Amino acid sequence: MPRIGLDARRPAGAQARNSVAADLHIRHGQARAGDSSSQSTPRPRRRGQAINVLASLMLAASQPAAAFAQPAAHDDAATKVAAVTRPMSVPQETDGYVGTRTPQDHKDFKQLQGPFTTPEQVTQACLSCHTQAARQVMSNIHWTWKAWDPKTKRIVGKNEVYNNFCVSPISNEQFCTVCHIGYGSTDPNTFIPFSQRAEDRVDCLACHDQTKTYRKIPFIGGNPAMEKIAVRPGCNEVYGTDKPYVLPEDLPQIAKSVGPPTRYTCGLCHFYGGGGDGVKHGDLDSSLDEPSHDLDVHMDAKGLNFPCQQCHQSGDHRISGRHYTIDAVPVSDAFLRGAPHNGNAVTCQSCHSETPHHRNDDITALVAGTLNMHTRDIACQTCHIPEFARGSLPTKLDWNYATAGKLAPNGSPLVMVDKRGWNTYWGVKGSFAWGVNVVPDYRWFNGTEDWLHIGDKARPDKNGVVAINQIEGSATDGKSRIWPFKISRNNQPYDMKTGTLAVFHSFGFDDDAFTMAYDWKKAITVGMKAANLPFSGEIGFEKTAMYWPITHMVAPKSKALACRDCHANNGRLQNIDGVYIPGRATDHQPWIERIGLLMAALACVAVFLHGTIRVAMWLRRKF
């Protein structure tokens, strides 16, 4: 019988701002238990070819980024777009077919011996064997930066919604594409839209490098260095060097050393999002390259040593796991690795089931049953990730753009650090607050995030805070669990007349970039024009909040939350409604309790009097 993937059951045909997107995958497969991470696991049989029905979406016309002066000359990127291109599609966030890994030793492959004068030549060599790889990559969110959210019926993605870190890639693409799996223009003035790039513009090495030497360079469209390039002062972390320059990449050596993605290669983008190591997520930073058992029981370098794809299973370059639409209350059966479309690998339940606690030497059957009752309303992460940023690195909690622009006496951006060495102020970005071992915030969450899209009017709540992403869920909707979150806060510019958050040109060497001129009006004018939004010229600053679900840095069970952490007054769930916590003051009504105690006391008195009378009557009859 044909098996229809989970993504096939998602709503299709919904209207979006630019297109209608639907993605149907129908595959035949033989369900098979086992772990596909084993290199000796045979490849699952696939009787049919995947059918992809994708509505085409052309991205906005090319918007040239402002000029970035670069010390080295670069070739004209316009001549490189003539090869075969594919229409842009907007993929759904789906769980892809789960295939096996069959790594090969590439060192003797003739195609990879080089010399390579451009990174595209490496991709061409890869495609000579992996003929469908580029097409697969170009249809997923890692390439398009767009996805269809069936819950909110809108397109989401980096270019579609705001964030409260760098706000938006729009007008900053030549810098931001340092974390794109493609090669753009090496001309700092020219951004080539993803939809207009040829297949040999897919960057295979970004994910498959095993040497830990391959780096993509900002300001040149995400290309690697092909010659000696100067590092912009203060940006060494982004360039991946502690030197004032980077040297050309040894492309043949890297190409001959490819293999499955590692935590390191995934982390080059996901650990450093938001402008630095650990800045954005809180539960993702470079301490997970080689983590200890206490930091993460699954990724423990001396234990299970799971790579990212152990949970974020993929097939045909479709990576499972969703940032924009999360499966907050998974109800599918346990995931069988190797079986197509069987459950969702990126959930705790896929391995541990809905009743993960069992009687053993540590807990009794009664305690195990009691803990399993909690899984109905509480996400596994809530108890098993007691704090985030538990490694040696802090995460950024507060960011204030309103204070940016101060210079040191020598004219360079002012930098201030605290006694721990954490920078609390940087002239190009403003002031910050950091944290380690941070206790999460908790919310009812049903998996729906209503994002503030570019151009949407900002609507502050009663506290004057604009939610970048509204977290939906309640105790009564039957679809929610209590989840842990990091809440990132900022004070970012907005147009006081139109009421929209500003898109601004942050990065570059030109006079319009804020990091050069420190002029908000110039930077916002360029950014809003690139986003096709009006700008009145009246600038204010709006407080914002952004929610990040916490799901990494899983602690050992011995470090999980204890009963008293929640079942106490001022405990972790103090502000969560819809649950009864005996130790919480708000779950008590003193006058009702006094009446109850009085009634109980009167009942005891009545029982005592009744018993006394009965005893007296018995004694009277007997004597």
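As the structure is a computational prediction, the values presented were derived from the model and not from experiment.
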task: Report the C-alpha distance between Met546 and Asn163 in whole Å, list the side-chain angles of each, state the deciding distance to 0.1 Å, and finish with yes or no for side-chain contact (heavy atoms from CB on, under 4.5 Å).
output: CA-CA 7 Å; Met546 189 172 182; Asn163 65 68; 3.8 Å; yes
- prompt: Does the pair Ile220 and Ile229 meet the rule for a side-chain contact (heavy atoms from CB on, under 4.5 Å), with working shown?
  reply: CA-CA 11 Å; Ile220 57 171; Ile229 295 178; 4.0 Å; yes
task: Return the orientation label for the His130 and His106 ring planes: parallel under 30°, perpendicular over 60°, tilted otherwise.
output: parallel
field: Contact summary for Trp426 and Pro413, nearest pair of heavy atoms
entry: NE1-CB, 4.0 Å
- prompt: Judged by modelled atom types alone, do Ser128 and Gln124 share a side-chain donor-acceptor pair under 3.5 Å?
  reply: no
query: According to the interplanar angle, ranging from 0 to 90°, do the rings of His281 and His270 count as parallel (below 30°), tilted (30 to 60°) or perpendicular (above 60°)?
result: tilted
field: Pairs flagged by salt bridge (charged side-chain N to carboxylate O under 4.0 Å, His left out) wherever residues 206-219 is involved - sequence neighbours left out
entry: Asp203-Lys216
- line: Separation between CD1 (Ile170) and SG (Cys176), nearest 0.5 Å, reads 10.0 Å
- request: Take the angle between the ring planes of His312 and His552 and call it parallel below 30°, perpendicular above 60°, tilted in between.
  value: parallel
query: Do the non-hydrogen side-chain atoms of Leu205 and Thr265 ever get within less than 4.5 Å of each other?
result: no
message: Let's go through Trp434 and Arg420 carefully: what are the C-alpha distance in whole Å and the side-chain angles of both, what is the deciding distance for side-chain contact (heavy atoms from CB on, under 4.5 Å) to 0.1 Å, and is it a yes or a no?
response: CA-CA 11 Å; Trp434 301 80; Arg420 296 165 295 189; 5.6 Å; no
field: Test item: His208 side-chain N/O and Gly259 main-chain N/O as donor-acceptor pair under 3.5 Å
entry: yes
task: List in chain and number order the residues that pass salt bridge (Lys or Arg N to Asp or Glu O under 4.0 Å) with Asp289, two or more places apart in sequence or in another chain; answer none if no residue qualifies.
output: none
- prompt: Distance from Phe116 atom CZ to Ile254 atom CD1, nearest 0.5 Å?
  reply: 11.0 Å
query: Taking the six-membered ring where the residue is Trp, are the ring centres of His180 and Phe194 under 6.0 Å apart?
result: yes
- prompt: Just how far is it from atom OG of Ser171 to atom CZ of Phe507, taken to the nearest 0.5 Å?
  reply: 9.5 Å
- line: Residues Gly274 and Cys166: closest non-hydrogen pair is O-SG, 4.2 Å
- request: Kindly give the heavy-atom pair with the smallest separation between Leu304 and Val297, and that separation in Å.
  value: CD1-O, 3.6 Å
query: In Å, rounded to the nearest 0.5 Å, how long is the span from CZ of Phe165 to CD of Gln492?
result: 10.5 Å
- request: Go through the steps to decide whether Asp294 and Ser292 satisfy the test side chain to side chain donor-acceptor pair (under 3.5 Å), and finish with yes or no.
  value: CA-CA 5 Å; Asp294 280 352; Ser292 65; 5.6 Å; no
task: Would you please name every residue forming a side chain to side chain donor-acceptor pair (under 3.5 Å) with Glu290, sequence neighbours left out?
output: none
message: Quick check: closest heavy atoms across Thr241 and Val231, and the distance to 0.1 Å?
response: CG2-CG2, 3.8 Å
query: Quick one: are Tyr324 and Asp149 in side-chain contact, heavy atoms under 4.5 Å?
result: no
query: Which word best sums up how the rings of His323 and Trp451 line up, parallel for under 30°, tilted for 30 to 60°, or perpendicular for over 60°?
result: tilted
field: Those residues that, when tested against Asp108, pass side chain to side chain donor-acceptor pair (under 3.5 Å) (two or more places apart)
entry: none
message: Between Asp510 and His505, is there a side-chain donor-acceptor contact under 3.5 Å, judged purely by atom types and distance?
response: yes
query: How far does CG of Asn490 sit from OH of Tyr162, to the nearest 0.5 angstrom?
result: 13.5 Å
task: Verify whether the ring centers belonging to Phe219 and Phe509 lie closer than 6.0 Å.
output: yes
message: Could you check whether Asp316 pairs with Arg318 (Lys NZ or Arg NE/NH1/NH2 to Asp/Glu carboxylate O, under 4.0 Å)?
response: no
message: Cation-pi check for Tyr425 against Lys406: NZ or CZ below 6.0 Å from the six-membered ring centre and within 45 degrees of the axis, yes or no?
response: yes
field: Any residue meeting salt bridge (Lys or Arg N to Asp or Glu O under 4.0 Å) with Lys107, in chain and number order, not counting sequence neighbours
entry: Asp105
- request: Could you pull out the closest heavy-atom pair between Tyr183 and Val202, with the gap in Å?
  value: CE1-O, 3.7 Å
- request: Tell me yes or no: between the side chains of Arg201 and Asn223, is some donor less than 3.5 Å from an acceptor?
  value: no
field: Check: Asn164/Ser488 side-chain N/O donor and acceptor closer than 3.5 Å
entry: no
Atom pair CG/CG of Leu288 and Asp283 - distance to nearest 0.5 Å: 8.0 Å
task: Check whether any side-chain heavy atom of Met299 lies under 4.5 Å from a side-chain heavy atom of Asn305, and answer yes or no.
output: no
- prompt: Can you name the closest pair of heavy atoms from Phe191 and Thr177 and give their distance?
  reply: CE1-CG2, 4.1 Å
message: Can you see whether Gln381 engages Thr551 through a side-chain donor-acceptor pair at a distance of less than 3.5 angstrom?
response: yes
Side-chain donor-acceptor pairs of residues 391-399 under 3.5 Å, sequence neighbours excluded:
residue	atom	partner	partner atom	Å
Thr395	OG1	Gly278	O	2.7
Thr395	OG1	Val279	O	3.2
Thr395	OG1	Lys486	NZ	2.7
Trp399	NE1	Lys429	O	2.9

